[in-house]
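Accompanying notes for the structure given below.
This is a predicted model, so every value here is computed, not measured.
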Amino acid sequence: MSTSLLVPLHVAYIRALGDSKDDLSYHLSAHLRMNAVYWGLTALLVMGHGDALDRDEMIDFVMSCWNEEAGAFGAHPDHDAHLLSTLSAIQILLMQNAIDRVDVDRITKFILSLQQPSGVFAGDTFGEIDTRFSYCAINALSLLGKLDELDVEKTVAYFRRCRNFDGGFGAVAGAESHAAQVFVCVAALAILDKLDEVDQPTLCWWLSERQLPIGGFNGRPEKLEDVCYSFFVLSALSILGKITWIDSSKLEAFILSAQDTESGGIADRPGDMPDVFHTHFGLAGLSLLGYPALVDIDPVYCMPASIIEGLGLRKGWKALQRRTS
């Protein structure tokens, strides 16, 4: 167990993720490949090592996932287009300064075609709905400068239906509150300048209650702590200006305790195997906590803050001040 961030190990861990193409697990995770590239690149940028992966190779991979028929991106070459992979592709290309490679109008058409009569978005043409997909749509349209084409009132109306008595939000109308869904709903409403739809005192209380004695957060009551909620809970609190409502020192110690001190990477909790998903969200959480020498991350878009500021999209969130040591 380490009490400091093992940056060189984590950089090496991410760089080695593509070296396991002979492993069955590599192929079983093909449906997450585009997301994984986004997680890995963002984690590297937060650590100040964005050049650790080959830029041209990464851009070539992203463009190989373009689905010409749909006008959007799949998770892997020859996979169906989906909102999750399309948002990740847009984020990757923006972070690599290659957004000029995409057909903005076709992607916009694809995204808008997935909005349902209720206002929620389906993830793809097969029709599964989830507030995650609404967030992906709103985030992507915002990054592409096409948010003005969205029916905002119709979209917000569905978020309103997903708000629960405890202030939280669920995956669909009537579903229980969950920290990950709270993040996507709060961030989406922040992008739309509709945070007045949030019961902020009640939600911030609910979010603060997610911290357990060990320091980590759970996603809902009576569940175990998990590093990924370090970002999901903190991001919402940051957007709502209440990040000081939790014990930041205990949370930081919990994230650092979940590091793999031999091979690098961060796990969901201490003693488990690391993965790029938890590595990314653990580092994002540490950035919001003001951990020394990390790059600021925007909690709304989950991208380096400098890129979002450069696009003129920064909202009024507040992270903890970056410490020098």
Side-chain angles (χ1 to χ4, degrees), residues 10-47 49-99 101-103 106-107 110-111 114 122-126 128 130 132-133 135-137 139-140 143 180 184 227-228 231 260 263-268 273-284 301-304:
H10 299 324
V11 172
Y13 167 77
I14 293 171
R15 291 188 66 180
L17 287 172
D19 297 339
S20 57
K21 294 183 177 65
D22 292 332
D23 293 348
L24 179 61
S25 60
Y26 178 86
H27 298 283
L28 290 176
S29 60
H31 64 293
L32 296 171
R33 191 74 70 238
M34 185 72 79
N35 303 124
V37 174
Y38 155 72
W39 296 327
L41 175 60
T42 308
L44 288 170
L45 287 168
V46 168
M47 292 186 289
H49 289 271
D51 58 353
L53 296 176
D54 186 279
R55 176 181 180 271
D56 292 336
E57 183 180 350
M58 185 180 297
I59 294 171
D60 287 345
F61 169 77
V62 171
M63 297 312 300
S64 74
C65 297
W66 174 258
N67 185 308
E68 180 62 27
E69 181 180 355
F73 290 93
H76 190 275
D78 299 321
H79 282 214
D80 292 327
H82 197 286
L83 272 178
L84 289 171
S85 46
T86 295
L87 172 60
S88 288
I90 291 167
Q91 291 172 311
I92 294 164
L93 293 173
L94 274 169
M95 290 187 283
Q96 294 288 23
N97 196 27
I99 196 63
R101 298 286 299 274
V102 306
D103 187 331
R106 288 203 68 196
I107 292 178
F110 169 80
I111 293 171
L114 295 173
D124 57 19
T125 56
F126 293 97
E128 180 189 4
D130 191 315
R132 288 181 304 149
F133 306 149
Y135 167 73
C136 289
N139 188 334
L143 293 174
V184 296
V227 161
C228 67
F231 177 77
D260 187 315
S263 61
I266 300 175
D268 56 350
M273 292 292 291
D275 58 72
V276 68
F277 173 87
H278 289 93
T279 300
H280 161 69
F281 285 114
L283 287 163
Y301 294 89
C302 200
M303 293 171 61

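Below 30°, between 30° and 60°, or above 60°: for Phe277 and Phe281 the angle between ring planes is above 60°, a perpendicular geometry.
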Test log, rule side chain to side chain contact (heavy atoms under 4.5 Å, CB included), inputs Asp54 and Met58: CA-CA 6 Å; Asp54 186 279; Met58 185 180 297; over 6 Å; no
Derivation of the side chain to side chain contact (heavy atoms under 4.5 Å, CB included) call for Asp124 and Asp80: CA-CA 8 Å; Asp124 57 19; Asp80 292 327; 5.6 Å; no
Worked check of side chain to side chain contact (heavy atoms under 4.5 Å, CB included) between Tyr13 and Asp260: CA-CA 10 Å; Tyr13 167 77; Asp260 187 315; over 6 Å; no
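His31 NE2 to His82 NE2: the interatomic distance, rounded to the nearest 0.5 Å, is 10.5 Å. Expressed to the nearest 0.5 Å, how far CG of Leu83 lies from OG of Ser88 amounts to 10.5 Å. Rounded to the nearest 0.5 angstrom, Ile92 CD1 and Phe73 CZ are separated by 9.0 Å. Interatomic distance, Met34 CE to Leu87 CG, rounded to the nearest 0.5 Å: 10.5 Å. Expressed to the nearest 0.5 Å, how far CG of Leu94 lies from CE of Met303 amounts to 5.0 Å. Distance CG/Asp275 to CG/Leu32: 10.0 Å, rounded to 0.5 Å.
Across Pro274 and Ser263, no two heavy atoms sit closer than the pair CG-OG, 4.5 Å. Contact detail for Ala75 and Phe61: the closest heavy-atom pair is O-CZ, 4.0 Å. In terms of heavy atoms, Ile111 sits closest to Ala137 at CG2-CB, 3.5 Å. Closest non-hydrogen pair, Ala98 versus Arg55, comes out as CB-NH2, 4.0 Å. Summarising the geometry of Cys136 relative to Leu84, their closest heavy-atom pair is SG-CD2, 3.6 Å, with the distance given to 0.1 Å.
In this structure, the side chain of Gln91 does not engage the main chain of Leu143 through any donor-acceptor pair within 3.5 Å. In this structure a side-chain-to-backbone donor-acceptor pair under 3.5 Å is missing from Asp130 to Phe133.
Other residues, nucleotides and ligands contribute at most 12 non-hydrogen atoms within 6.0 Å of the CG atom of Asp78.
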Hey, can you pull the donor-acceptor pairs under 3.5 Å for the side chains in residues 36-47, sequence neighbours left out?
unit_1 : atom_1 : unit_2 : atom_2 : d
Tyr38  : OH     : Cys302 : O      : 2.7
Thr42  : OG1    : Tyr38  : O      : 2.8

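Every residue two or more places apart in sequence or in another chain that forms a side-chain hydrogen bond (donor to acceptor under 3.5 Å, both in side chains) with Glu68 is listed here: Trp66, Arg106. Looking at residues two or more places apart in sequence or on another chain, you find no side-chain hydrogen bond (donor to acceptor under 3.5 Å, both in side chains) involving Asp268. Remark: Thr125 engages no residue in a side-chain hydrogen bond (donor to acceptor under 3.5 Å, both in side chains) (not counting sequence neighbours). Scanning for side chain to side chain contact (heavy atoms under 4.5 Å, CB included) contacts around Ala81 gives Asn67, Ala70, Ala72, Phe110, with sequence neighbours left out. Listed by chain and residue number, nothing satisfies the side-chain hydrogen bond (donor to acceptor under 3.5 Å, both in side chains) test with His280 (two or more places apart in sequence, or in another chain).
Inter-residue side-chain proximity for Ile107 and Thr86 is flagged as met; some heavy-atom pair is nearer than 4.5 Å.
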